[in-house]
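Quick notes on the structure that follows.
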There are 2 protein chains.
Amino acid sequence: MATISDVARAAGVSPATVSRVLNGGRVTPERARRVREAAAALGFSPNRVARSLRTRRSSAIALLVPDIANPFFTALARGVEDTAQRTGLSVVLCNTDEDVAKERRYLQVAVAEHMAGVLVAAASRTRTDLTEPAARGIPVVAVDRRPRTAEVDAVTVDNRHGAQEATAHLVARGYRRIACLTGPAGVSTAEDRLAGHRAALLEAGVREEHVRTYTRRAVPRVEGGYAAMRELLALDEPPDAVFAAHNLMTVGALRALREAGAEPPGCGVLSFGDIPFASLVHPSLSTVRLPAYELGEAAAALLQERIAGSDMPLRTLVLRTTLEPRDSTAGPG
Amino acid sequence: MATISDVARAAGVSPATVSRVLNGGRVTPERARRVREAAAALGFSPNRVARSLRTRRSSAIALLVPDIANPFFTALARGVEDTAQRTGLSVVLCNTDEDVAKERRYLQVAVAEHMAGVLVAAASRTRTDLTEPAARGIPVVAVDRRPRTAEVDAVTVDNRHGAQEATAHLVARGYRRIACLTGPAGVSTAEDRLAGHRAALLEAGVREEHVRTYTRRAVPRVEGGYAAMRELLALDEPPDAVFAAHNLMTVGALRALREAGAEPPGCGVLSFGDIPFASLVHPSLSTVRLPAYELGEAAAALLQERIAGSDMPLRTLVLRTTLEPRDSTAGPG
DNA sequence: CACGCCTGTGAAACCCTTTTCAGGGCAACT
DNA sequence: AGTTGCCCTGAAAAGGGTTTCACAGGCGTG
């Protein structure tokens with residue numbers, strides 16, 4: 001592996017000059033040409049580790065997601081990756097498994113590796129601690145979920161609005177006992193979606209108590225949705241529609257409904273977030289589409305600005321969701 | 001950020017001694033204790049960039065996959081990540097998009113970053129070039145797909161056997177005109193699966209020509225499967241079953257079948273590789289289950305051995321698939 | 001002509017850790 | 001007592017870039 005000194009020797013200049021040619025310093029054209037030729041001839045590419053050490057900044061960013069198996073986060077990761085790749089940043093993918101301890105370990109690594117920046121879909125709104133990297137001067141952007149503990153840039157979706165629109169749609173289609181399956185307390189997306197759902201129902205004249213009866217919190221996994229849906233179906237007056245505030249929970253809910261013989265659209269089902277290949281599900285599934293890829297793109301772009309040294313005031317970018325009504329919410333009976 | 005010198009000063013020793021305490025050199029217990037206390041008090045964690053520079057080895061490995069949106073590769077990535085994480089390795093995820101040029105760029109980055117190792121699901125059997133990292137002493141393990149150009153360790157699944165079993169199953173269930181949708185020539189998995197399919201048919205007494213009539217190659221995406229299936233359905237004697245050698249292509253095929261009103265199991269459908277939430281598809285989908293997570297685990301473990309300096313002869317680990325017959329291959333008529 | 005300023009350049013410092021090397025101290029042996 | 005050998009330790013080198021600093025030379029100005 002050729003080093004910068006090899007190139008310098010071959011071009012008859014000092015290593016400092018080579019560095020300047022490569023990084024845009026002022027060098028006379030003639031020398032610059034010689035350096036470039038020598039570099040090409042030797043197949044030189046700078047050792048990024050050495051560069052990182054000296055500049056105290058690496059060309060890698062960390063992306064922390066709670067569940068890489070969820071297609072929402074893979075789409076987001078693609079958005080991040082495509083954007084980062086364009087400016088030569090590598091993306092280190094870290095799967096936190098919704099585990100705050102695991103998340104903390106990854107954040108420590110990011111600090112020890114002097115990573116250029118961190119993108120994080122926080123495992124917990126209250127317990128995720130982003131102060132460490134922020135204090136060390138590593139830019140942090142929260143994506144999808146915003147933790148409360150640190151002041152960072154954020155890119156989120158309008159969960160509340162999307163949920164409100166979703167539940168309003170169920171109301172409009174004539175459903176009366178509309179349930180909500182949402183994630184655990186303390187996760188901002190779960191809270192916001194529940195809030196939107198409640199707002200839509202209250203506006204439609206539903207009593208607060210009624211809302212509460214038909215709301216279930218569960219772990220945001222397929223099994224969580226399944227268990228919660230079964231609970232709801234066991235009520236004296238089971239719901240006639242369900243707003244599932246999480247895509248994987250929707251899958252569990254659908255399974256429970258099928259087992260109980262209460263298939264949509266008789267019992268309406270509306271999913272917040274796409275299910276992959278939802279087009280295969282029968283009847284076709286109404287969803288609130290989330291701009292996952294765009295979320296990743298926007299967050300990566302924002303992070304890059306910070307890495308480049310932007311000192312704009314903190315920003316929160318909120319992307320809109322879009323309701324896509326299909327057959328699973330065609331109406332009861 | 002505390003450095004090793006700070007710790008040394010605080011403990012009244014030299015930096016060399018601190019390094020030895022942390023990395024398992026011989027140090028008297030008393031000193032070691034002092035060093036550990038000082039390190040803890042200062043919250044010291046070694047700068048991994050400096051360490052990388054000196055040791056010429058980083059603690060990151062690259063994982064190159066052709067399509068992170070495919071659940072097969074996300075499961076694989078999880079296996080890799082969980083295993084790597086256990087020994088303190090970070091995983092840099094690189095999405096090559098089935099593009100050899102993009103793949104080459106990522107390999108260059110891996111070399112320039114002095115990464116500890118590379119795991120690669122090659123974009124092409126013939127054009128993927130793994131000689132560069134191998135020549136630089138960076139261990140490489142091929143996973144899922146093995147390129148021909150370099151001599152590397154590999155972890156694959158028994159595609160041929162799995163495919164043969166799958167098609168034999170279709171034969172046994174009474175299907176007569178069994179089609180095969182597979183990936184492009186030059187991708188080892190596509191080739192092997194087709195070979196298994198053909199072997200099963202020939203064994204059942206089907207003529208080679210007949211096999212060829214009902215075989216289609218397409219890009220391994222949903223649209224590829226859709227287009228190829230439509231072609232097959234337009235034949236004078238359309239197939240009465242299809243073995244889809246790729247999970248995403250299966251989705252496309254199902255869509256085409258539904259449009260044509262030829263739903264399974266009347267027309268049998270067997271997918272090589274899971275479709276996420278296949279349990280939601282009606283009728284339930286017969287699949288050849290791939291051990292994606294285990295593939296990632298095994299590959300990461302193998303790579304770690306090499307990184308640790310193992311000089312065993314090259315190994316190829318082949319994992320078995322399992323046929324899971326369900327309703328979509330219940331039989332014709 | 002003298003002075004100051006500006007530009008381009010190379011030497012050397014620097015980033016932080018690991019590793020080599022040489023030496024001191026001590027025990028065991030001749 | 002004098003070697004020999006071993007263990008532990010610290011000083012210093014090494015890893016490969018970037019950046020600071022000082023300096024040389026050219027140019028413009030008073």
Side-chain angles (χ1 to χ4, degrees), chain A residues 1-36 38-39 42-60 88 108-109 111-116 136-138 309, chain B residues 1-36 38-39 42-60 88 109 111-116 136-138 307 309:
Chain A
M1 199 80 189
T3 72
I4 199 172
S5 301
D6 299 334
V7 176
R9 214 176 357 260
V13 300
S14 75
T17 299
V18 177
S19 173
R20 278 187 276 257
V21 170
L22 269 49
N23 298 302
R26 316 186 65 86
V27 179
T28 50
E30 157 61 12
R31 272 164 197 268
R33 190 186 54 75
R34 287 216 315 273
V35 167
R36 261 188 273 274
L42 292 170
F44 172 71
S45 91
N47 180 325
R48 299 165 64 131
V49 178
R51 169 181 288 172
S52 276
L53 178 59
R54 174 62 227 224
T55 60
R56 318 175 97 176
R57 153 164 307 182
S58 97
S59 57
Q108 280 166 359
V109 170
V111 169
E113 293 260 20
H114 282 287
M115 288 195 180
R136 305 259 194 238
I138 297 181
Chain B
M1 196 81 188
T3 73
I4 200 172
S5 301
D6 299 333
V7 176
R9 215 177 356 261
V13 299
S14 76
T17 299
V18 177
S19 173
R20 279 188 275 257
V21 171
L22 270 48
N23 299 302
R26 315 188 68 84
V27 178
T28 49
E30 157 63 11
R31 270 164 202 269
R33 190 186 54 73
R34 286 216 315 272
V35 168
R36 262 187 272 275
L42 293 169
F44 171 72
S45 91
N47 180 325
R48 298 162 71 129
V49 178
R51 169 180 290 172
S52 275
L53 178 59
R54 176 61 229 226
T55 60
R56 313 174 101 176
R57 153 169 308 181
S58 99
S59 56
V109 170
V111 169
E113 293 260 20
H114 283 288
M115 288 195 179
R136 305 258 195 236
I138 298 181
I307 291 173

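Bear in mind that the values here come from a model prediction, so they are computed numbers and not experimental data.
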_Taking any heavy-atom pair under 4.0 Å as a contact, classify A/S19: base, sugar-phosphate, or nothing._
base

If I compare all heavy atoms of [X] with all of [Y], which pair ends up nearest, and what's the gap?
X      : Y     : answer
B/A116 : B/S58 : CB-O, 3.1 Å
A/P15  : A/S5  : CG-OG, 4.2 Å
A/V27  : A/A32 : CG1-N, 3.9 Å
A/A11  : A/A38 : CB-CB, 4.0 Å

_Checking B/S14 against B/T17 for the side chain to side chain contact (heavy atoms under 4.5 Å, CB included) test, could you report, in this order, the C-alpha distance in whole Å, the side-chain angles of both residues, the deciding distance, and whether it holds?_
CA-CA 5 Å; B/S14 76; B/T17 299; 3.4 Å; yes

*For a side chain to side chain contact (heavy atoms under 4.5 Å, CB included) with B/V7, tell me which candidate from B/V21, B/V13, B/V18, B/L22 qualifies.*
B/V18

*Can you give the first and last nucleotides of DNA chain C, 5' to 3', that have an atom under 4.0 Å from a heavy atom of chain B?*
C/dC16 to C/dT20

_Those residues of residues 42-54 of chain A lying under 4.0 Å from DNA chain C by at least one heavy atom_ = A/L53, A/R54

*So, does B/R57 use its side chain to make a donor-acceptor pair with the main chain of B/I307 at under 3.5 Å?*
yes

*Short question: side chain of B/T28, backbone of B/E30 - any donor-acceptor pair under 3.5 Å?*
no

*salt bridge (charged side-chain N to carboxylate O under 4.0 Å, His left out): which pairs involve residues 13-26 of chain A, sequence neighbours left out?*
none

*Which pairs count as salt bridge (charged side-chain N to carboxylate O under 4.0 Å, His left out) when at least one residue sits in residues 42-54 of chain B, sequence neighbours excluded?*
A/E113-B/R48

_For DNA chain D, which residues of residues 5-18 of chain B approach it to below 4.0 angstrom with any heavy atom?_
B/V13, B/S14, B/A16, B/T17

*asked:* Set out, in order, the CA-CA distance, both residues' side-chain angles and the distance that settles side chain to side chain contact (heavy atoms under 4.5 Å, CB included) for A/T3 and A/N47, then state yes or no.
replied: CA-CA 8 Å; A/T3 72; A/N47 180 325; over 6 Å; no

*Could you list where the contact with chain A starts and ends along DNA chain D, reading 5' to 3', using a 4.0 Å heavy-atom cut-off?*
D/dG16 to D/dT20

